Amino acid sequence: GLLVSEIIRANEITVDAERVRALVDEVAQSTMLSTYVTSKIMTPNEAREVINLPLEISDSATFSQRDYREQYFLGIYYGMLLFVFLLYFYFFLVLRQKVFFYYVFYVLSIALLQFSLDGLSAQYFFPKNPWLASHVVLFSASLTLYFVTQYTKDFLDTANHFPKLTTFIFNSIIILAIAFLGMSMFNGFIYQLVFPLVNVLSLFATLIILFTIWLRHKKSAPVTSLFT
């Protein structure tokens with residue numbers, strides 16, 4: 001009977017501790033949200049756009065270990081992007097071909113997108129402008145979509161091999177990407193609407209690119225493995 005009582009009491013303490021931790025998390029998030037609303041003169045919905053909720057609270061040791069691993073892999077990732085950028089920028093300077101121009105800016109836009117998703121743009125580029133730090137994610141995503149489509153058109157020479165596909169599909173994607181670039185600077189409903197639209201259009205563009213590669217192979221005009 002004593003052992004059972006101790007087990008029940010231990011379980012109650014564990015449950016209470018979890019409730020307290022959940023309450024602390026909720027209070028911390030509410031406090032941060034209120035701070036942005038009052039200090040940045042924002043509505044609650046606008047504040048939620050510039051800070052990522054819900055927050056994850058951990059002890060200092062766990063946070064340090066996770067931060068070390070993240071910084072290590074981020075260093076490798078951005079180092080690879082920098083190498084690719086410098087290599088293809090050199091090709092562009094030497095050969096003066098549009099395909100390298102598009103690829104250079106494609107790599108830059110990807111780097112900016114990932115930089116923003118990792119929170120580094122807010123930390124280093126826009127530390128005093130949370131609105132811009134939030135909207136640059138959507139802007140860089142639209143920019144990536146634009147340049148990858150232009151690069152694909154030029155590299156796969158779709159204008160000669162598939163003129164109808166270029167006219168109706170690729171050009172439509174480019175026009176929509178440009179429209180999303182402008183819409184990414186809006187707030188409220190337009191901002192919330194463009195996010196899923198960019199994701200859907202990016203998936204559609206990926207499928208079209210794969211389909212175009214398949215068509216090239218079918219026409220006995222295979223695509224080099226260097227296409228990335």
Side-chain angles (χ1 to χ4, degrees), residues 72-121 124-126 132-133 135-185 194-195 197-228:
Y72 178 78
F73 288 110
L74 285 177
I76 296 176
Y77 178 76
Y78 290 117
M80 292 174 60
L81 285 179
L82 178 61
F83 172 77
V84 172
F85 165 76
L86 294 176
L87 179 63
Y88 279 83
F89 184 67
Y90 171 76
F91 289 158
F92 169 70
L93 293 178
V94 173
L95 302 175
R96 297 291 180 176
Q97 295 181 4
K98 285 191 304 182
V99 63
F100 296 116
F101 172 83
Y102 290 137
Y103 194 79
V104 163
F105 279 93
Y106 165 54
V107 172
L108 282 178
S109 56
I110 283 183
L112 179 60
L113 175 60
Q114 191 60 50
F115 208 70
S116 303
L117 291 173
D118 291 331
L120 299 176
S121 291
Y124 295 107
F125 294 162
F126 318 110
L132 192 56
H135 284 252
V136 74
V137 175
L138 188 54
F139 182 85
S140 56
S142 303
L143 202 62
T144 300
L145 182 60
Y146 171 81
F147 280 113
V148 73
T149 307
Q150 290 281 28
Y151 166 68
T152 301
K153 277 182 55 182
D154 200 271
F155 190 89
L156 298 182
D157 196 17
T158 57
N160 292 325
H161 290 282
F162 317 105
K164 292 183 179 180
L165 185 66
T166 297
T167 302
F168 294 106
I169 304 297
F170 279 97
N171 288 347
S172 297
I173 295 174
I174 290 171
I175 292 172
L176 287 173
I178 294 174
F180 291 159
L181 281 171
M183 296 170 67
S184 66
M185 294 294 103
V194 175
F195 253 111
L197 290 180
V198 168
N199 290 329
V200 171
L201 188 60
S202 297
L203 176 60
F204 177 72
T206 301
L207 295 176
I208 290 297
I209 291 172
L210 294 175
F211 177 67
T212 306
I213 294 173
W214 177 78
L215 288 178
R216 283 283 303 264
H217 280 280
K218 190 177 180 181
K219 291 184 64 174
S220 299
V223 179
T224 174
S225 60
L226 295 177
F227 178 75
T228 54

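Keep in mind it's a predicted model, so treat the numbers as computed, not measured. As a basis for the values below, the full set of heavy atoms in this structure was taken, side chains included, without hydrogen atoms, waters or symmetry mates.
Counting heavy-atom neighbours within 6.0 Å of Tyr77 OH, excluding the residue itself, gives a total above 12. For CE of Met80, the number of neighbouring non-hydrogen atoms (other residues, nucleotides, ligands) closer than 6.0 Å is 12 at most.
Atom CG of Asp154 is separated from atom OG1 of Thr149 by 12.5 Å, given to the nearest 0.5 angstrom. Between the CG atom in Leu93 and the CZ atom in Phe100 there is a gap of 11.0 Å [rounded to 0.5 Å]. Note that the CG atom of Leu87 and the CG atom of Leu82 stand 11.0 Å from one another [nearest 0.5 Å]. Remark: Tyr90 OH to Leu95 CG distance equals 8.5 Å, nearest 0.5 Å. Summarising the geometry, atom CG belonging to Leu201 is positioned 9.5 Å from atom OG belonging to Ser172; distances are rounded to the nearest 0.5 Å. Of the inter-residue distances, the one linking Leu197 atom CG with Leu176 atom CG reads 9.0 Å to the nearest 0.5 angstrom.
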> Does the side-chain contact (heavy atoms from CB on, under 4.5 Å) test come out yes or no for Met185 and Phe139, once each step is laid out?
Replying inline: CA-CA 8 Å; Met185 294 294 103; Phe139 182 85; 4.1 Å; yes
> For Phe162 and Arg216, what are the C-alpha separation, side-chain angles and deciding distance, and is it a side-chain contact (heavy atoms from CB on, under 4.5 Å)?
Replying inline: CA-CA 9 Å; Phe162 317 105; Arg216 283 283 303 264; 3.8 Å; yes
> Given Tyr151 and Phe155, is the ring-ring contact (aromatic ring centres under 6.0 Å, His included) satisfied, shown in steps?
Replying inline: CA-CA 6 Å; Tyr151 166 68; Phe155 190 89; 5.6 Å; yes
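Contact check for Leu138 versus Met183: no side-chain heavy atoms found under the 4.5 Å cut-off. Counting heavy atoms from C-beta on, the side chains of Ser109 and Leu113 never come closer than 4.5 Å. A heavy-atom distance below 4.5 Å is not found between the side chains of Tyr103 and Val148. Proximity of Phe101 to Gln150: side-chain heavy atoms (C-beta onward) are nowhere separated by under 4.5 Å. Looking at heavy atoms from C-beta onward, Phe195 lies in side-chain contact with Val137 at the 4.5 angstrom threshold. Looking at heavy atoms from C-beta onward, Leu108 lies in side-chain contact with Phe105 at the 4.5 angstrom threshold.
Between Phe126 and Ala133, the shortest heavy-atom distance links the atoms CD1-CA, 3.9 Å. When every heavy atom of Leu143 is checked against every heavy atom of Leu181, the shortest pair comes out as N-CD2, 3.6 Å. Heavy-atom minimum distance, Val107 versus Leu81: CG1-O, 3.7 Å. Contact record, Asn171 with Lys153: OD1-NZ, 3.0 Å, taken as the closest heavy-atom pair.
In summary, the aromatic rings of Phe89 and Phe85 are positioned with their centroids under 6.0 Å apart. Aromatic rings from Tyr78 and Phe115 are positioned such that their centres are separated by under 6.0 Å. Ring centers of Tyr106 and Tyr102: at least 6.0 Å apart, outside the cut-off. Here the two rings, on Phe91 and Tyr88, have centers that are under 6.0 Å apart.
When the options Ile208, Thr212, Thr158 are evaluated for a side chain to side chain contact (heavy atoms under 4.5 Å, CB included) with Ile169, the one that passes is Ile208.
Asp118 and Gln114 share a donor-acceptor pair across their side chains, judged by distance under 3.5 Å alone.
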